[in-house]
Amino acid sequence: MNVIDTAIPDVKIIEPRVFGDERGFFFESFNQDQFNQAIGHQVTFVQDNHSRSSKSVLRGLHYQISPAPQGKLVRCTFGEVFDVAVDIRKSSPTYAQYVGVLLSASNKKQLWIPQGFAHGFVVLSEFAEFLYKTTQFYRPELERAIRWDDPHINISWPISAPPLLSKKDSSASLLQDAEVFD
Ligand SMILES: Cc1cn([C@H]2C[C@H](O)[C@@H](COP(=O)(O)OP(=O)(O)O[C@H]3O[C@H](C)C(=O)[C@H](O)[C@H]3O)O2)c(=O)[nH]c1=O
């Protein structure tokens, strides 16, 4: 697999090695040893998630606070999304900066988002199926959300109309008011 650095050192794009033949394709979507080597330390995942969303749905920007902050390894297995990781570690030199990347069934790219980041995506295709692994279990009482259109983060979402949001995401906090990480 190919590991690509992003503007935020801890956030990595991973391109799996795809084996194509007349039947179709095969690739290892996750290999613990290769992943640990790529990230530089042991990362253990405890939960797999799978969501399906229609065009223009935007899920995020979500994260869990301590004591269960989640690292996420995300990918799109049907359609295409614009995926965003926002650095919400106050002591980080890239605080409030973001990485945005197109993830799709065709490019098979994955994004590693360590704990300390808020995560979200918007669906660009008619539908998108989104799979991801997390390093901590879901703890709803620890879940927090930051507004997708927070002017301080100023994400350039590749959409021309307002997205479809859950009630929770419609009432998310601004980064300046959010519980973040040291
Ligand atoms: C995240 C999660 C949710 N749920 C239940 C709770 C709700 O009844 C239902 C939908 O949850 P929610 O609307 O929070 O789902 P998303 O908006 O896709 O949330 C996710 O969206 C962004 C992209 C993320 O990065 C997070 O992983 C996660 O917050 O699934 C569970 O049972 N387990 C879980 O791990």
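Order of listing sets the numbers, starting from 1, for every ligand and every atom in it.
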Check: How are the rings of Phe130 and His119 set relative to one another: parallel (under 30°), tilted (30 to 60°) or perpendicular (over 60°)?
Finding: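 The rings of Phe130 and His119 lie parallel, inter-plane angle below 30°.
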Next item on the list: Please state whether the rings of Phe45 and Trp112 are parallel, tilted or perpendicular, taking 30° and 60° as the class boundaries.
Entry: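 It falls in the perpendicular class, over 60°.
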Note to self: Using ring centroids (six-membered ring only for Trp), state whether Phe78 and Phe127 fall under 6.0 Å.
What the structure shows: no
Notebook entry, point to check: Under a 4.0 Å heavy-atom cut-off, which residues neighbour ligand 1?
Noted result: Gln47, Asn49, Arg59, His62, Lys72, His119, Phe121, Tyr132, Tyr138, Glu143, Lys168
Margin query: Could you work out, with side chain to side chain contact (heavy atoms under 4.5 Å, CB included) as the rule, every residue matching Ala178, not counting sequence neighbours?
Written below: Tyr63, Ile146, Ser173, Val180
Check: Does Phe25 have Lys108 sitting over its ring (NZ/CZ under 6.0 Å from centre, angle to axis within 45°)?
Finding: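 Yes.
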Margin query: Can you tell me how far apart CG (Asp169) and CH2 (Trp148) are? Round to the nearest 0.5 Å.
Written below: 11.0 Å
